[in-house]
Amino acid sequence: MAEVITPRAVDYPQWYLDVVKQAGLADNSEVRGCMVIRPNGYAIWEKMQRALDRLFKETGHVNAYFPLFIPLSYLAREEEMAEGFAKECAVVTHYRLKAEQGRLMVDPQAELEEPLIVRPTSETIIWNTYKKWVQSYRDLPLLINQWANVVRWEMRTRLFLRTAEFLWQEGHTAHATQQEAEEEAHRMVRVYQQFAEEYMAMPVLVGPKTEGQKFPGAVYTLCIEAMMQDGKALQAGTSHFLGQNFAKAFDVTFTNERNQQEYAWATSWGVSTRLIGGLIMTHSDDNGLVVPPRLAPLHVVICPLGRNDDERRPCREAAERLARALRERPRDPFFGYEPLNVHIDTLFDKQIGFRAAEYEVRGVPVRVEIGPKDIAQGTCVLARRDQPGKEGKQFGVPLENAAERIDALLRDIQRSLFERARRYRDNRTVTARNLDEFRDLFPVRKDDNEELPWDALKFVYAHWDGTRETEEWVQKEFKATIRCLPFDGPQEPGTCIFTGKPSARPVVFARAY
RNA sequence: CGGGGUGUAGCUCAGCCUGGCUAGAGCGCGUGGUUUGGGACCACGAAGUCGCAGGUUCAAAUCCUGUCACCCCGACCA
């Protein structure tokens, strides 16, 4: 099998598609804009779900489920949201088909009185429900999350990064006070940061979006922003403080301790299968997928070798003993209290190069080889996915403590993936002191772009006057947007490099996915 | 929605311009054999309504009309 992944330096978008395909993560479906998530990809999503769900539960949230279909009129209730999503809603207008001359067609007799939209997000239907659930301050807070699919009819789609239908979670909370709601919005964006950094090994910037980039209907939006290997930014998660906008639109009031009617305060927050795209573009290399161990569907693959049955049998038996030892290791929080996933590959008829490459493409963090020479010495060979080739191999590892060594190796891989990604981002984060410097960092002429290396883009700190006009001008001129105003970045005031007006603090510009 | 492109075997594609025997190749797949510590090789074999619907013709993958789907590039976006 000579299926080869396009190197990143040759064609980065093609590299991404190659990895998604060959690692068995997803396929384009026959349905425009929608994807089939394949088992290897879905397994990563399940690992993400499990970890996130635990973090949500630990912060007091519970799961529920609300309808896929939302009456059109609900969306219209919140003006900003209606405006924001109107152009990308799928609409259900009929409830029946009929067969005519052997052809199925929509039955014109079966038109719905009111069209239903397929949820692009669930604030409206949820707040319409909260109206019934909230009467007293004693009913608050409501801390509810839902795992669901949503549909946004995008013009151009890319596997995982932007599809017409995607899977996500959406938290929707209602609070008695503004302060409590704002704390919730901040708490959850920090949960996302923790998840991104500790599980995905993906460093993120955390902070508010600008007025122009916030979620329609929000008072403000907090986000986590990650840098992909090509230097582009990926919005990986958002947490919104919604103020009383939805409470007012859906008339959700409660009686406070002083017997006064008040509107409830709201937040919503979500991450989606887009994270899988982020995971790929943070760690993977020209050999294929790289998955941090905490999210890997398969932690360890053991490949026994041997030319004939006599050589293979002892290798296989050693592989089975090692697999058992790995699966029986004490469970701990690092792996979500779950046993290690270990696979023994017995495709003896394939060459080891083929077998190794296959698991490399699929991103299995650790590969073990046990051959006749190892059996003679009671050893095995460990190969770590994050360092492909000979550098990442440890030869002559004694079989008796191999399980411990592998366990430690998995933790080391997780750690070093994060450190490597953070170094990568920090090395590509710069400050533009004036417009000329900025212009050099975001070249727009075609021929300039073609000469640029694939990983030339950067995160650029620059002073901005805080106006929407300037932001839009920059976006038009340089195709770069303000990704966020990082909490943990520099905060000194200065002078806007675009207009010369005063700037409250530097903000981060980048090209974005 | 505008511009461009492509639909032929599971995948990638040739054949189409200039219509004509039984529609081809590589990869993959199956069987047998030789191999096996980084993507092996030999032999044999299975596999195709030529996207779909009309039309022209003695004859259509090939020409004409219509239609559908997908991909790429633009405007919009998590």
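Chain letters run A, B, ... following the sequence lines, proteins first, then strands; residues in each count from 1.
Remark: P of B:G28 and CD of A:Q22 are 13 Å apart, rounded to the nearest angstrom. A straight line from NZ of A:K479 to P of B:G74 spans 7 Å, rounded to a whole angstrom. The interatomic distance linking A:K21 (NZ) with B:C11 (P) rounds to 10 Å, in whole Å. Note: CG (A:D27) to C1' (B:G10) measures 12 Å, nearest angstrom. Separating the CG atom of A:D345 from the P atom of B:G39 is a distance of 16 Å, rounded to the nearest angstrom. The interatomic distance linking A:K476 (NZ) with B:C76 (C1') rounds to 14 Å, in whole Å. Rounded to a whole Å, the OH atom of A:Y359 is 17 Å from the C1' atom of B:G37. What separates CG of A:L347 from C1' of B:U35 is a distance of 16 Å, to the nearest Å.
In RNA chain B, runs of at least 3 consecutive Watson-Crick or G-U pairs, each pair with both distances below 3.5 Å, span B:1-7 with B:68-74, B:10-13 with B:24-27, B:29-34 with B:40-45, B:51-55 with B:63-67.
Shown here are the salt bridge (charged side-chain N to carboxylate O under 4.0 Å, His left out) partners of A:R54, two or more places apart in sequence or in another chain: there are none. Residues forming a side chain to side chain contact (heavy atoms under 4.5 Å, CB included) with A:A323 (at least two apart in sequence, or on another chain): A:I302, A:R327, A:V342, A:I344. Evaluation of the ring-ring contact (aromatic ring centres under 6.0 Å, His included) rule for A:Y12 yields A:W15, A:W454 as partners, not counting sequence neighbours. Remark: A:H61 engages A:W269 in a ring-ring contact (aromatic ring centres under 6.0 Å, His included) (not counting sequence neighbours).
Taking the ring centre of A:Y424 as origin, the terminal cationic atom of A:R428 falls inside the region bounded by 6.0 Å and 45° from the ring axis. In this structure, A:K232 satisfies the cation-pi test against A:Y513, with its NZ or CZ atom closer than 6.0 Å to the six-membered ring centre and inside 45 degrees of the ring normal.
When only modelled atom types and interatomic distance are considered, A:T221 and A:H240 share a side-chain donor-acceptor pair under 3.5 Å. Looking only at atom types and distance, the side chain of A:Q229 has no donor-acceptor partner in the side chain of A:D455 under 3.5 Å away. No hydrogens or angles considered: nothing links the side chains of A:N128 and A:R77 as a donor-acceptor pair under 3.5 Å.
The shortest non-hydrogen separation linking A:Y16 to A:G277 is OH-CA, 3.4 Å. The two atoms that bring A:P365 and A:L298 nearest to each other are CD-O, 3.1 Å, heavy atoms only.
Within the 4.0 angstrom heavy-atom criterion, no nucleotide atom of any strand lies near A:F215. Within 4.0 Å of A:L234, counting heavy atoms only, lies no atom of the nucleic acid at all.
The stretch residues 365-380 of chain A touches RNA chain B through A:R367, A:E369, A:G371, A:P372, A:K373, A:D374, each having a heavy atom within less than 4.0 Å of the strand. Listed by residue number, A:T163, A:F166 are the residues of residues 163-173 of chain A with a heavy-atom contact under 4.0 Å to RNA chain B. Residues from residues 266-282 of chain A with heavy atoms under 4.0 angstrom of RNA chain B, sorted by number: A:S272, A:R274. For residues 192-209 of chain A, proximity to RNA chain B is found at no residue, defined as any non-hydrogen atom under 4.0 angstrom from a strand atom.
Judged by distance alone, the side chain of A:D107 and the main-chain N or O of A:K98 form no donor-acceptor pair under 3.5 Å. A:D309 places no side-chain N or O within 3.5 Å of a backbone atom of A:R312 that could act as its donor or acceptor partner.
For the C1' atom pair drawn from B:C17 and B:C21, the interatomic distance equals 22 Å after rounding to whole Å.
Listed by first and then second residue, the salt bridge (charged side-chain N to carboxylate O under 4.0 Å, His left out) pairs involving residues 478-487 of chain A are A:E225-A:R483 (not counting sequence neighbours). Applying the ring-ring contact (aromatic ring centres under 6.0 Å, His included) test to pairs two or more places apart or on separate chains, those with a residue in residues 295-321 of chain A are A:H299-A:F335.
Below the 3.5 angstrom threshold, one finds a donor paired with an acceptor across the side chain of A:K393 and the base of B:G38. With hydrogens and angles ignored, no donor-acceptor pair closer than 3.5 Å exists between the side chain of A:R355 and the base of B:U36. With hydrogens and angles ignored, a donor-acceptor pair closer than 3.5 Å exists between the side chain of A:E358 and the base of B:G39.
For the atom pair OG1 (A:T210) and CD (A:E472), the distance works out to 9.5 Å, reported to the nearest 0.5 Å. To the nearest 0.5 Å, atoms CD1 (A:I126) and CZ (A:F66) are separated by 4.5 Å.
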**Request:** Check the pair A:Q235 / A:K209 against side-chain hydrogen bond (donor to acceptor under 3.5 Å, both in side chains), numbers first and verdict last.
**Result:** CA-CA 10 Å; A:Q235 179 172 307; A:K209 285 284 184 194; 3.0 Å; yes
**Asked** Step by step, would you call A:R362 with A:Q22 a side-chain hydrogen bond (donor to acceptor under 3.5 Å, both in side chains)?
**Response** CA-CA 7 Å; A:R362 294 176 76 84; A:Q22 291 192 46; over 6 Å; no
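Both A:V381 and A:Y513 lie near RNA chain B, and the one whose nearest nucleotide falls closer to the 5' end is A:V381. Sequence order on RNA chain B of the closest nucleotides to A:E154 and A:E360 puts A:E360 first from the 5' end.
One finds a salt bridge joining A:E369 and A:K393 here, because a Lys/Arg side-chain nitrogen approaches an Asp/Glu carboxylate oxygen to under 4.0 Å.
Within the structure, a side-chain polar atom (N or O) of A:Q351 is placed less than 4.0 Å from OP1 or OP2 of B:A40.
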I'd like a table of atom pairs between the protein and nucleotides 68-72 of chain B - only N or O on both sides, under 3.5 Å - with the distance next to each one.
residue : atom : partner : partner atom : Å
B:C70   : OP1  : A:E30   : O            : 3.2
B:C70   : OP1  : A:R32   : N            : 2.8

